[in-house]
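Treat the numbers as computed from the prediction; the structure is a model and nothing was measured. Counting starts at 1 for both ligands and their atoms, following the listed order. Heavy-atom basis, side chains included; hydrogens, waters and symmetry copies ignored.
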Amino acid sequence: MGVKALGYVVIATARMNEWDRYLTEVVGVMRAGGEPDGVALYRLDDRPFRFWIEPGTSDELLAAAYEIGDSASWAELKDRIVAAGRPVEDGGADEARARGVNAFFRTTDPAGNGLEFFHGDTRDDVPFVSPAGVSAFVTGDMGMGHAVLCTPNFLECYNFYKDVVGFGDTDLPRFYFSDDPQDPGMGFAFMHADNGRHHSIAIAEMPVPSSRCVHLMLEMGTMTDVGLCHDRMRKAKVPESATLGRHVNDQTFGFYMQTPAGFDLEIGCDPLVIDYKTWVPTAHLTPSEWGHVWSWQRAAEEQQEKAGQ
Ligand SMILES: [Fe+2]
């Protein structure tokens, strides 16, 4: 048995208030109760939390936490990760209770990105109600969404996620972001867990930034949900990282905006849902069918326009 889904994320921040405003007022997630000292928890659905935000001196993704289907598979995974030479630290019983799981351990991938793996999940009886009126976040069997991490040692990390952890290949492209024939391009691996979400993790061949993440993705129920979130972003003056667009590989419609940690949050809907058992991996040439104009592309265009004046 492989990885079930992305369960939750752990984020450290020196800007607790900014994250609170961002998550509740712009994204539209719900504050959760039962928070351990100093930590703020936020819900997307009936899971006790999906965002664990803890005070720190840095702003970074501490861990993307993935659920493993049962305790035996979880123990086998831990053995494989130890055998692969990665550091493993068991979470304490109190920590596991606070995370709403039976047990978990912490580790890192070969680029140093933080991961947690857990088994035994829980559900809250208090209904989820979005404070911003989001009709629903699409989770269920497909989990919280996806995480995209930076891996300068791309092949080593790809092998770790595939052979050690047990994610499956969905799309293995090399993207070129310029017309320069000398552009070496950038390796990407979009990988699925044992569910219909096109990818629950993706890795990109780029240096690890201080925020330790490229982006997290949340799926909303409808296109109107995505559009209204885009409006809230604009009104709250949150920087837009990429305009509305549709991806080629997972066909998700949506946009990207900056989080208080500096990495992006992709808000999308209407994705391709795959049959992971029969999926034949693809290798697409471009990330987007239309749209998704990145802020750095707009800045370069503006500069060119100025130079031409
Ligand atoms: Fe994404």
Inset, instruction - Determine the interplanar angle of the H192 and Y276 rings, folded into 0 to 90°, and report it as parallel if under 30°, tilted if 30 to 60°, perpendicular if over 60°. - result: tilted
Inset, instruction - Could you tell me which residues satisfy side-chain hydrogen bond (donor to acceptor under 3.5 Å, both in side chains) with Y256, sequence neighbours excluded, listed by chain and number? - result: H247, E266
Legend entry - With D94 via side-chain hydrogen bond (donor to acceptor under 3.5 Å, both in side chains) - residues at least two apart: R97
Inset, instruction - Report yes or no: does R50 contribute a side-chain atom to a donor-acceptor pair with the main-chain N or O of G143 at less than 3.5 Å? - result: no
Inset, instruction - Only counting residues at least two apart or in another chain, list the ones meeting side chain to side chain contact (heavy atoms under 4.5 Å, CB included) with R15. - result: T13, E18, D59, P260
Legend entry - Sphere of radius 2.8 Å around the Fe ion (ligand 1) - protein N, O or S atoms inside: H146 NE2, H215 NE2, E266 OE1
Legend entry - SB check E67 R47 (cutoff 4.0 Å): no
